[in-house]
> 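Before we start, here is the structure in question, set down as structure tokens.
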Amino acid sequence: MFEKRVYLQRRSALKSKFNSGILLFLGNEDSPMNFKDNIYHFRQDSTFLYYFGINEPLLAAIIDLDEDETILFGNEMSIDDIVWMGRQKTLAEKSTDSGLSKVLPFDQLDTYIKKYQEKNRFVHFLPPYRPENKIKLSNWFNIPVDLLKKRASLSFIKAVIAQRSIKSAEEIAELDRAASISADIHLMVMQQTRPGMYERELAAKIQSEALASGGNLAYPVILTVQGEILHNHYYGNQLKEGQLVLNDSGVETALGYAGDLTRTFPVGKTFSAEQKDVYDIILRAYHHAKDLLAPGVRYLDVHLESCKILAQGLKDIGLMKGNIEDAVQAGAHAMFFQCGTGHMMGLDVHDMEDLGEQYVGYTDDLIKNTTQFGLKSLRLGKALEAGYVLTVEPGIYIIPELIDRWKASSLFAEYINYDKLETFRNFSGIRIEDDFLITENGSRMLGKHLALTTEEIESIRNEAY
């Protein structure tokens, strides 16, 4: 946990945004894999973690704005818990570390909720994503499960997002650490990869190092020779000379803060000329995007500018044609770049996505209202502010099924050279990704430098053999 003052300050700042009512925070529970006591790795709800810092299951809290009272609900360890889990710090001790003085058994939360309802006091809650919390809220407030998201408190959502978006010095230090550890692991993977290995061997090394760091993975490892599959969690392919390895992985620190890096490198010692051409296009888009980062700049514009660099590069090697401005406006570049250039980061690798992308990445002045393929997947569009942490991750992905579908209908034939594209059909994909903090005057990359150019990467690959 951070120091007690951090949680006291965070809760005080949140309370100042409301005049009355109850703020309800639900922590997460253990989730069984296949029976009750065989559980997945526990991950606390990030908003609960942000305001209370206690990383254990079956907790909840209320901030009563009218009575100026904050109550933690949870259970102390029973003797059975101690036998099976060992004596740990008591909940009372943990609550003191969080600056809390009142702790009640978890089952008393139901009584408090009923009391508030009887007095017609408004209870603010956030949109739930775990089934057990959906059931609780549905039962307490007599709301059908499928309507809970709509009935969540918009004022509560926006207040939390506004506060969590601006990272404090303590958070930036954690994010720097997460990015640096992640970079070390990426370097290790580049050094240890050999033709003949299986993807699963490298994925296992990443997970091992993440655990050894004292934290865990921030998200399931994407380690693949099929880099055109954006979120590929299959690890069964054997690595062959001439292929590319796309490694998208990041560490989560013990305090819950995420790193999110991607590098693409050859299975062998060098990139092919074709691979190098495409990689350098993406690297130009990466540099252009990161150089635009500054307070007041809309990330939507960063994305579109990055797309233009990608499209121009693709035109230079014969895969696109025509007017590049028009091609990007129409969405033709999405044949090659189907997602967004970046997203917010923090306690979640896609920070606060559970609260609603339309509130985290967009504003009332910039509403996400597009269905355009590619652009609809941009998670962050709003103007940047000092203290934001986000990713920059342009890429080029050659998806055979997408080629077949668009080519059959001659979609964007004025911008895409389908004959040339057929020769790239089995190219796979390349992504480059780093994490950035928006500063008062621009931005800075988080963590340590990780090989970025094809020359740097080939040097590592050659030294490794």
Side-chain angles (χ1 to χ4, degrees), residues 1-8 10-11 22-64 67 69-117 123 125-126 128-141 174 207-208 210-218 252-257 347 354:
M1 294 174 67
F2 290 122
E3 294 179 7
K4 180 192 303 185
R5 62 170 178 80
V6 172
Y7 302 106
L8 289 169
R10 287 174 176 177
R11 294 195 296 267
I22 309 296
L23 303 180
L24 173 63
F25 302 82
L26 293 179
N28 287 334
E29 297 184 25
D30 283 327
S31 294
M33 286 190 240
N34 47 10
F35 60 89
K36 178 181 177 294
D37 294 319
N38 191 26
I39 58 174
Y40 290 103
H41 165 72
F42 175 72
R43 177 54 160 83
Q44 185 60 284
D45 174 75
S46 293
T47 296
F48 191 93
L49 205 56
Y50 181 83
Y51 288 105
F52 299 93
I54 306 175
N55 189 25
E56 69 177 59
L58 200 60
L59 296 177
I62 58 169
I63 294 178
D64 186 332
E67 300 294 333
E69 180 177 55
T70 301
I71 307 173
L72 177 68
F73 294 87
N75 300 320
E76 293 287 2
M77 295 183 76
S78 67
I79 187 61
D80 285 339
D81 295 328
I82 294 171
V83 167
W84 288 98
M85 305 295 290
R87 164 52 71 191
Q88 300 171 22
K89 211 170 192 180
T90 67
L91 185 57
E93 290 169 330
K94 292 176 181 178
S95 70
T96 299
D97 292 341
S98 183
L100 299 165
S101 58
K102 187 170 184 179
V103 184
L104 297 175
F106 189 85
D107 60 11
Q108 289 196 27
L109 177 58
D110 184 69
T111 302
Y112 271 76
I113 295 293
K114 288 178 181 176
K115 180 180 70 173
Y116 298 141
Q117 290 174 321
V123 179
F125 64 84
L126 298 171
Y129 55 92
R130 286 284 185 97
E132 56 270 23
N133 284 339
K134 291 181 180 181
I135 292 169
K136 291 189 192 88
L137 291 169
S138 180
N139 289 337
W140 286 332
F141 300 110
E174 282 294 302
Q207 183 157 7
S208 172
L211 286 170
S213 74
N216 210 316
L217 293 171
E252 179 179 89
T253 68
L255 287 175
Y257 288 85
L347 276 170
D354 60 303

> Who are the ring pair (Phe, Tyr, Trp, His ring centres under 6.0 Å) partners of Tyr50, not counting sequence neighbours?
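Counting only residues at least two positions away or on another chain, Tyr50 forms no ring pair (Phe, Tyr, Trp, His ring centres under 6.0 Å).
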
> Do the side chains of Asn139 and Asp110 get nearer than 4.5 Å, heavy atoms only?
no

> Walk me through whether Asn216 and Leu211 qualify under side-chain contact (heavy atoms from CB on, under 4.5 Å).
CA-CA 5 Å; Asn216 210 316; Leu211 286 170; 3.6 Å; yes

> Would you please name every residue forming a side chain to side chain contact (heavy atoms under 4.5 Å, CB included) with Thr111, sequence neighbours left out?
none

> Please tabulate, one pair per line, all N/O donor-acceptor pairs under 3.5 Å involving side-chain atoms of residues 23-30, not counting sequence neighbours.
{"from": "Asn28", "atom 1": "ND2", "to": "Arg43", "atom 2": "O", "distance (Å)": "3.0"}
{"from": "Asn28", "atom 1": "ND2", "to": "Tyr129", "atom 2": "OH", "distance (Å)": "3.1"}
{"from": "Glu29", "atom 1": "OE2", "to": "Lys136", "atom 2": "NZ", "distance (Å)": "2.4"}

> Just jot down the ring pair (Phe, Tyr, Trp, His ring centres under 6.0 Å) partners of Phe141, sequence neighbours excluded, or say none.
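Applying ring pair (Phe, Tyr, Trp, His ring centres under 6.0 Å) to Phe141 gives Phe125.
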
> Looking only at heavy atoms, what is the nearest atom pair of Thr70 and Lys102, with distance?
O-CB, 4.0 Å

> Nearest heavy-atom pair of Ala254 and Gly214: which atoms, and what distance?
CB-O, 3.6 Å

> How close do Ser95 and Leu72 get, heavy atom to heavy atom, and via which atoms?
CB-CD2, 3.8 Å

> Does any pair with a residue in residues 77-92 pass salt bridge (Lys or Arg N to Asp or Glu O under 4.0 Å), and if so which ones, sequence neighbours excluded?
Lys89-Asp97

> Output all residues satisfying ring pair (Phe, Tyr, Trp, His ring centres under 6.0 Å) with Phe2, sequence neighbours left out; order by chain, then residue number.
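Phe2 satisfies ring pair (Phe, Tyr, Trp, His ring centres under 6.0 Å) with no residue once adjacent residues are dropped.
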
> Closest heavy-atom contact between Leu8 and Gly99?
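Looking at all heavy atoms of both residues, the shortest contact is CD2-O, 3.6 Å.
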
> Please enumerate all residues that pass side-chain hydrogen bond (donor to acceptor under 3.5 Å, both in side chains) together with Asn34, with sequence neighbours excluded.
Asn38

> Can you confirm whether Met85 is buried at CE, in the sense that more than 12 heavy atoms of other residues, nucleotides or ligands lie under 6.0 Å from that atom?
no

> Could you work out, with side chain to side chain contact (heavy atoms under 4.5 Å, CB included) as the rule, every residue matching Asp64, not counting sequence neighbours?
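Partners of Asp64 by the side chain to side chain contact (heavy atoms under 4.5 Å, CB included) criterion, ordered by chain and then number, come out as Ile22, Asp66, Glu67, Glu69, Tyr116, Arg121.
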
> For Pro105, check side chain to side chain contact (heavy atoms under 4.5 Å, CB included) against everything at least two apart and list the hits.
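In terms of side chain to side chain contact (heavy atoms under 4.5 Å, CB included), with neighbours along the sequence ignored, Pro105 is linked to Asn75, Asp107, Gln108.
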
> With sequence neighbours left out, write down each residue that passes ring pair (Phe, Tyr, Trp, His ring centres under 6.0 Å) with Tyr112, or none if nothing qualifies.
Phe73

> Who are the side chain to side chain contact (heavy atoms under 4.5 Å, CB included) partners of Ala92, not counting sequence neighbours?
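If we apply the side chain to side chain contact (heavy atoms under 4.5 Å, CB included) test to Ala92, skipping adjacent residues, the hits are Glu76, Thr90.
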
> Do Leu126 and Asp45 make a side-chain contact, defined as non-hydrogen atoms from C-beta onward lying under 4.5 Å apart?
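No, their side chains stay 4.5 Å or more apart.
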
> Check this for me: Lys36, atom NZ, are more than 12 non-hydrogen atoms of other residues, nucleotides or ligands nearer than 6.0 Å?
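No, NZ of Lys36 has 12 or fewer neighbouring heavy atoms, counting only those of other groups under 6.0 Å.
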
> Please name the pair of heavy atoms, one in Ser98 and one in Phe52, separated by the smallest distance, quoted to 0.1 Å.
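For Ser98 versus Phe52, the nearest heavy atoms are OG-O, 2.7 Å.
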
> How far apart are the C-alpha atoms of Met1 and Val6, what are their side-chain angles, what is the distance that settles it, and do they pass the side-chain contact (heavy atoms from CB on, under 4.5 Å) test?
CA-CA 9 Å; Met1 294 174 67; Val6 172; over 6 Å; no

> Quick one: list whatever passes side-chain hydrogen bond (donor to acceptor under 3.5 Å, both in side chains) with Gln44, sequence neighbours left out.
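Result, side-chain hydrogen bond (donor to acceptor under 3.5 Å, both in side chains) vs Gln44: none returned.
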
> Testing the basics here: between Leu347 and Glu252, what is the closest heavy-atom pair and its distance to 0.1 Å?
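Here Leu347 and Glu252 meet closest at O-OE2, 4.2 Å.
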
> Is there side-chain contact between Lys4 and Thr96, with at least one heavy-atom pair below 4.5 Å?
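Side chain of Lys4 against side chain of Thr96, heavy atoms only: contact under 4.5 Å found.
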
> If you count every heavy atom of other residues, nucleotides or ligands that lies below 6.0 Å from Gln88 atom CD, does the total exceed 12?
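For Gln88, atom CD is crowded (more than 12 foreign heavy atoms under 6.0 Å).
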
